Amino acid sequence: MSDQKLDVQQEHQQYIEPLGDWARSHDCCTLTAADTGAEVCLMGWVQYRRDHGGLIFVDLRDRQGLTQIVFSPDVNPAAHERAHVIRSEYVLAIRGTVRPRPEGMTNPGMKTGEIEVYVSEWKLLNTSKTPAFVIEDRTEASENLRLQYRYLDLRRPRMANNFIVRHKAAQATRRYLDELGFLEIETPYLTKSTPEGARDFLVPSRLNQGQFYALPQSPQLFKQLLMMSGMERYYQIVRCFRDEDMRADRQLEFTQIDIEMSFVDEEQVMAMAEGLMARVFRDALDREIATPFPRMSYDDAMARYGVDKPDTRFGLELQDVTHIVRGSNFKLFATAELVKAMRVPGGETMTRKEIDEFTEFVKIYGAQGLAWIKIRPDEWQSPIAKFLSDAERAGLKEALGLETGDIVFFQAGAPGMVNAALGNLRVRLGEHLGLIDENAFNFLWVTDFPLFEYDEEEKRYVACHHPFTSPKDGHMDVMVENPAAARARAYDMVLNGYELGGGSIRNHTAEKQRRMFAALGFSPEEAEAQFGFLTQALEMGAPPHGGIAFGMDRLAMLLTGSSSIRDVIAFPKTQKATCLLTQAPDNVSARQLRDLGLRLRETGKEAAPKAPASTDTPQG
RNA sequence: GGAGCCGUAGUUAAGACGGUUAUAACGCCGGCCUGUCACGCCGGAGGCCGAGGGUUCGAGUCCCUUCGGCUCCGCCA
């Protein structure tokens, strides 16, 4: 019964002792045979207890690792006797002697496996209820439980290591940028809501009732203002906030390495960024990264990979075959705006079931279906083979370099859908077929981004990067005549298919910036009201400047091989934007609302305080 | 706003064809054990089958609703 368990743990509380003047001499991962004979003091948590009645072995865990400690009646009978109460996750302080393990008793699987510490005296610093799940890497508790008992989850070595690596990456960043003369400067969290971009988090103002601050989506405007302030080189490892739906690699609040430089062009920013990555990978993972990184234009990326953040760890490139099938008897191909193909070498052995799965997969992106051709020695096996003329077959074979044993997938329709469907199918196939080297870090710059993209909802062009990005030389005029063709002085750093960072050279004259606002459909009055402080600053000696920002969480995720940024954020939120540990967000008192001049709209469901998830849920 | 997967002892899962008392492993509790290391052996406790409603003589199982976790589309300058 759970009552029994509770009783045991409660009964053991009488043995808890204060720390007194004890101090740790080592952590639980450093002792070796070279320390034989040393008197040491260790403190940590009980990972495993192996009570033999006579001898008691305990694996003591701290942030760094494990050390086996031994309670023996031969060393201190009283200390040994007391040790029978020890349970999982109890917190111990021990003093003892380092001894080499007896012949044949070493544990090569353990960093400290050649030694053990014989306990001469020990203190129980705290007891522990039986944890909701065992603290170890190999048993995965559900994410639900892990988030509810996050402090237990973070004790797992894998998680602890994630934060060690993340810390090293952050420290490497600070060292590198400091050496290059960057100043770490803080910017406001309570700031002004601006149009464009993500949904803002708003904070009501008590002293200015009816008005709101916005939490920054990024410190973009402030870092540019710091350039206008003559700071020349700025950086900040800074929290950003965007009230949008979450994904495995997106949280409401996330951390950017935010950087801005004066008197530079793209080349200097990119070289600085490559050096930063090289330093981070060296200091955090002891890995050397080759620089400079390869580059690819946005148009090339979309043409060859269907996405603007290609994973270049494997092939399976896309090809435009529209011109080959233009006159086809297959009506869909003949009339589609874009027809693209992806050749999968050796894919002829795919089963109908697999193909059906991929067909379902591309429907997510709006595809109606998925055409395919298996290249067999004797024939082309395909639902669409009968529509293809000899000339079309020859054209496809030549263009795609088809060989016996291949399968080719086709997607036809609107370019956005075709690229999304095939581009994402490509990644899925890369995983499915095991084409991805999990050990590789493939960096890539994507350049020459469009300045604008058309927003179907708003029926107007919006900035692809952000409204402060400078058009490429000569594109100021293109911008007006043909907005879709204008290109920006923007660049994204891509790593293994993730957008790791992005930046641009900014407009540094007020005139250019005003033309940009006009192109985005702002009236001069609107531009003045929203961004007047910026254009005014640009009129007072703004230097040429540009910068970049990296997703710190994504960087840490990739450095640690994690599959979600939640594994590198200490206290993340769920997909429904709640914190299972603290139960945030929660209702507030009528008094708090009154102070802010706010009244809640009637919603039908009464705002009652949330019940705790269970009696075990920590409160206060 | 939408699609998919998942909720069963503390945990991870099995049970799905509607039919005795809902299984297993690990964990937990008690006992034995001086060389274990995910110790071993013996014994034991532990369940609102996420919640609510319905169909039925009978629901973990079928139907409806709802809550929660995850993945994805839309969204994310």
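Every heavy atom of this structure was used, including side-chain atoms; hydrogens, water molecules and symmetry mates were not. Sequence lines set the chain letters: A, B, ... in the order given, protein chains first and strands last, and positions in each chain run from 1. Quick caveat: nothing in here was measured; it's all calculated off a predicted structure.
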Touch class at under 4.0 angstrom, heavy-atom based, for Asp245(A) against every strand present: base
So does [X] pair up with [Y], basic N to acidic O under 4.0 Å?
X: Glu136(A); Y: Arg138(A); value: yes
X: Asp448(A); Y: Lys472(A); value: yes
X: Arg239(A); Y: Glu253(A); value: yes

RNA chain B-proximal residues of residues 80-91 of chain A, any heavy atom under 4.0 Å: Arg87(A), Ser88(A)
Looking only at N and O atoms, is any donor in the side chain of [X] or the base of [N] less than 3.5 Å from an acceptor on the other one?
X: Arg50(A); N: rA38(B); value: no
X: Asp59(A); N: rC37(B); value: no
X: Arg250(A); N: rC76(B); value: yes
X: Arg146(A); N: rC70(B); value: no

Distance test, side-chain N/O of Lys363(A) to OP1/OP2 of rA3(B), below 4.0 Å: no
Interatomic distance at P, rC28(B) relative to rU12(B), whole Å: 16 Å
Proximity to the side chain of Arg138(A) - top-ranked nucleotide from rC70(B), rA38(B), rU36(B): rA38(B)
